[in-house]
2 protein chains.
Amino acid sequence: MKPEPAYQVLRQRLRDEIAAGAYPDGVRLPTESELVAEHGLSRQTVRRAFQDLVAEGVVYRVPGRGTYANRGYLRQLGSIEDLMSLSEDTTMEVLQGLSRRVDVTAASRLRLDHDVVYTVVFRRLHDRRAGAKRPGESDRRAGAKRPGESDRRAGAKRPGESGRRAGAQRPGEMNGVPFVVTTVHLPESVARLVSDSAELADNAVGTNTVIGVLEPHLDQPIAEAAQSITVAPADELVAAALGCPPEHPMLRVDRLYSDTTGTPVELSVSHFLPEQYTYRVTLRRSS
Amino acid sequence: MKPEPAYQVLRQRLRDEIAAGAYPDGVRLPTESELVAEHGLSRQTVRRAFQDLVAEGVVYRVPGRGTYANRGYLRQLGSIEDLMSLSEDTTMEVLQGLSRRVDVTAASRLRLDHDVVYTVVFRRLHDRRAGAKRPGESDRRAGAKRPGESDRRAGAKRPGESGRRAGAQRPGEMNGVPFVVTTVHLPESVARLVSDSAELADNAVGTNTVIGVLEPHLDQPIAEAAQSITVAPADELVAAALGCPPEHPMLRVDRLYSDTTGTPVELSVSHFLPEQYTYRVTLRRSS
DNA sequence: CGTTATTTGTGCGTATGTATT
DNA sequence: AAATACATACGCACAAATAAC
């Protein structure tokens, strides 16, 4: 099947032990030699595992003294939990339900050896409920021009949608302001797990995240999300769904979610309206 | 004097070549064997250099095909240390030295009860030297990590076909490529501490960060940096300093640094050229 | 269509140097 | 001074992915 590399296995094992509190404040982790003896590995393999843990910020090493766990390994306020909590005050509207596609770029970024992915496209709207949390103050400064608001909400894209799906939406009202269009790509093995889920079907409306729908079905939990953030112009689909002019500069956020074994599980490409959304992270000192 | 490790030297050399545009879109980097032959190193040493570059997000590798440079200048900014390490391979050019200003917006964001701030404006350029790093502290960031690798196009550009000849860089930019303009605002109490520093004077050039210049003078160390990232058009100052058209969409990153008591110490507003810079951060699960 | 060559991925063994206790 | 433990570096072997033939 898929023989996990030995250094990955060891890395995960050490990570688990540290998380379980096996190595409190001043307690030295096993030395390289001890791990070699215990697991029957070579010293190079053990070293590779430790190098990765150092890069990850989980441990630090002192020559001649030993390896120690970094206490308070949080240093990252912008965590995956924050991404999931997006569902708490926004609404998701599926524009194109989960379906099979051929996409070389997405497939290779998911590290697949073929070109088939399963894709779902949706937009997200700020909720208009009273008492909802502040969706994010806009940075108002001179010179920032708003995109064309003339035809707000290109409803033409999804005709005859209102009606069923009675959950929590008040028909006849503007339920919120769309601020992002997201395209999610899944490998087939993952897509199978949620292919029956109504949350990802065409025209579905709800307050969840793909990752939230996905995770209960996975063997391994999501452990990491690598993000890259840049600027990209709006294409036709994005412009229509958000009611901004085509070519409008958007904040583009790509996220590659991986599980604890490092296997990519989901690739999402989001285009945010910069007038309505600002990406926020707080960085902390590791020490 | 401690000699720089061989894999660090090679890593820096490759990083410089990539920044200099030696490996455009579909061009493969030298293989491990080629580098072994060229530098007289062992394959493991070459591999270590590549692993670090992968972890850094500078290159991606495909088994059986080769190693390729990632488009633009990718950079992992997951901690405050990462922000400070910008000084290691970029150059800062002061455009407007530290001087007193009245700026209501900046002052209020620094939580001041008046309107006076001290401001310095500079741009940053990709470095081109084959520089020796000082033996200050041990280098974190080792080993490789699977999840990332943001881009992977299957651009099968045959070498030998001309199209665009190598080079393709702006003529007359021998000292580096500018990629960001930053405006830093300081409260008066903080500005006093560095008002004599030559590093922040008009037309100063150096390889440091404002935060790096600042911190030794502070009572409390910097503990936190709250960032917000959005899109903003280039104003005249930015356009002139970076050589892009005015109104060009830029990646705007605001950072508010605070010390351990929560007191704001520095506000920086940066405009990055999205063509040359992608903001990258990896989120992890806390527990 | 399989075969082969190239290139990266994984793993092992060894040797030497350096920092700490 | 000696033992311990990490840091760097060389060597080799085989597996897996890719591309060219």
Side-chain angles (χ1 to χ4, degrees), chain A residues 1-12 14 26-55 59-68 104 107-108 110-115 261-263, chain B residues 1-11 14 26-55 59-69 135-146 149 152-160:
Chain A
M1 277 284 146
K2 183 178 50 175
E4 198 75 12
Y7 68 89
Q8 291 280 18
V9 174
L10 177 57
R11 174 188 177 192
Q12 183 60 46
L14 290 169
V27 179
R28 206 199 59 207
L29 268 73
T31 67
E32 297 181 354
S33 329
E34 285 167 354
L35 289 171
V36 164
E38 180 184 349
H39 293 89
L41 300 169
S42 91
R43 193 178 155 221
Q44 294 312 313
T45 305
V46 174
R47 275 187 66 73
R48 174 66 186 271
F50 272 135
Q51 281 171 12
D52 286 7
L53 289 175
V54 169
V59 303
Y60 66 93
R61 320 191 72 185
V62 183
R65 235 165 25 105
T67 304
Y68 300 86
V104 217
S108 59
L110 283 166
R111 295 196 180 302
L112 302 177
D113 54 356
H114 54 270
D115 297 344
T261 72
T263 308
Chain B
M1 190 79 84
K2 177 173 59 176
E4 199 76 9
Y7 69 90
Q8 292 280 17
V9 174
L10 178 57
R11 174 189 177 195
L14 290 169
V27 179
R28 203 198 62 210
L29 268 74
T31 67
E32 296 181 353
S33 330
E34 286 167 355
L35 289 171
V36 164
E38 180 183 351
H39 294 90
L41 300 169
S42 87
R43 192 181 158 215
Q44 294 313 313
T45 304
V46 174
R47 276 188 66 73
R48 173 67 187 272
F50 272 134
Q51 283 169 10
D52 287 5
L53 290 174
V54 169
V59 303
Y60 66 94
R61 319 190 73 189
V62 184
R65 231 160 36 97
T67 304
Y68 300 85
E137 240 150 338
S138 71
D139 197 337
R140 79 277 103 145
R141 200 163 285 342
K145 170 168 67 171
R146 331 221 42 160
E149 251 156 70
R152 223 176 150 188
R153 54 226 148 257
K157 268 209 167 98
R158 234 357 123 270

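These values consider heavy atoms only, across backbone and side chains, with no hydrogens, waters or symmetry-generated copies. Naming: A, B, ... by sequence-line order, numbering from 1 per chain.
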(message) Check the phosphate of C/dC12 against A/Thr45, side-chain N and O only, distance under 4.0 Å to OP1 or OP2. Yes or no?
(response)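 It does, given that an N or O in the side chain of A/Thr45 lies less than 4.0 Å from OP1 or OP2 of C/dC12.
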For atom [atom1] of [X] and atom [atom2] of [N], their distance in whole Å:
{"X": "B/Arg48", "N": "D/dG11", "atom1": "CZ", "atom2": "P", "value": "18 Å"}
{"X": "B/His39", "N": "D/dA9", "atom1": "NE2", "atom2": "C1'", "value": "16 Å"}
{"X": "A/Arg111", "N": "D/dA16", "atom1": "CZ", "atom2": "C1'", "value": "14 Å"}
{"X": "A/Leu41", "N": "C/dG11", "atom1": "CG", "atom2": "P", "value": "8 Å"}
{"X": "A/Tyr68", "N": "C/dT21", "atom1": "OH", "atom2": "C1'", "value": "10 Å"}
{"X": "B/Tyr60", "N": "D/dA17", "atom1": "OH", "atom2": "P", "value": "18 Å"}
{"X": "B/Gln44", "N": "C/dG11", "atom1": "CD", "atom2": "C1'", "value": "9 Å"}
{"X": "A/His114", "N": "D/dA17", "atom1": "NE2", "atom2": "P", "value": "14 Å"}

(message) Minimum heavy-atom separation for A/Tyr68 and A/Val27, please, with both atom names.
(response)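 Smallest heavy-atom distance, with atoms named: CD2-O, 3.6 Å.
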(message) Within this structure, what is the CZ-CD distance for the pair A/Arg28 and A/Glu34, rounded to the nearest 0.5 Å?
(response)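 One finds 5.5 Å between CZ of A/Arg28 and CD of A/Glu34.
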(message) Quick one, B/Tyr7 and B/Leu41 - any side-chain contact, counting heavy atoms below 4.5 Å?
(response)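 Of all side-chain heavy-atom pairs linking B/Leu41 with B/Tyr7, none is under 4.5 Å.
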(message) For a quick check, with a 4.0 angstrom heavy-atom cut-off, what is the B/S/- contact string for nucleotides 1-7 of chain D, read 5' to 3'?
(response) ----BBB
(message) Whether the B/Gln8 and B/Arg11 side chains hold a donor-acceptor pair (N or O, under 3.5 Å, no angle test) is what I'd like checked.
(response)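 Result is yes, a qualifying pair exists.
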(request) Using Watson-Crick or G-U wobble geometry with both distances below 3.5 Å, tell me the partner of D/dA1, or none. (result)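 Result: none.
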(request) Can you sort out the partners of A/Val62 under side chain to side chain contact (heavy atoms under 4.5 Å, CB included), two or more places apart, ordered by chain and number? (result)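 A/Val62 satisfies side chain to side chain contact (heavy atoms under 4.5 Å, CB included) with A/Tyr60, A/Arg65 once adjacent residues are dropped.
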(message) Taking side-chain hydrogen bond (donor to acceptor under 3.5 Å, both in side chains) as the definition, give me every residue that meets it alongside A/Gln44, ordered by chain and number, with sequence neighbours left out.
(response)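 Checked A/Gln44 against side-chain hydrogen bond (donor to acceptor under 3.5 Å, both in side chains); zero matches.
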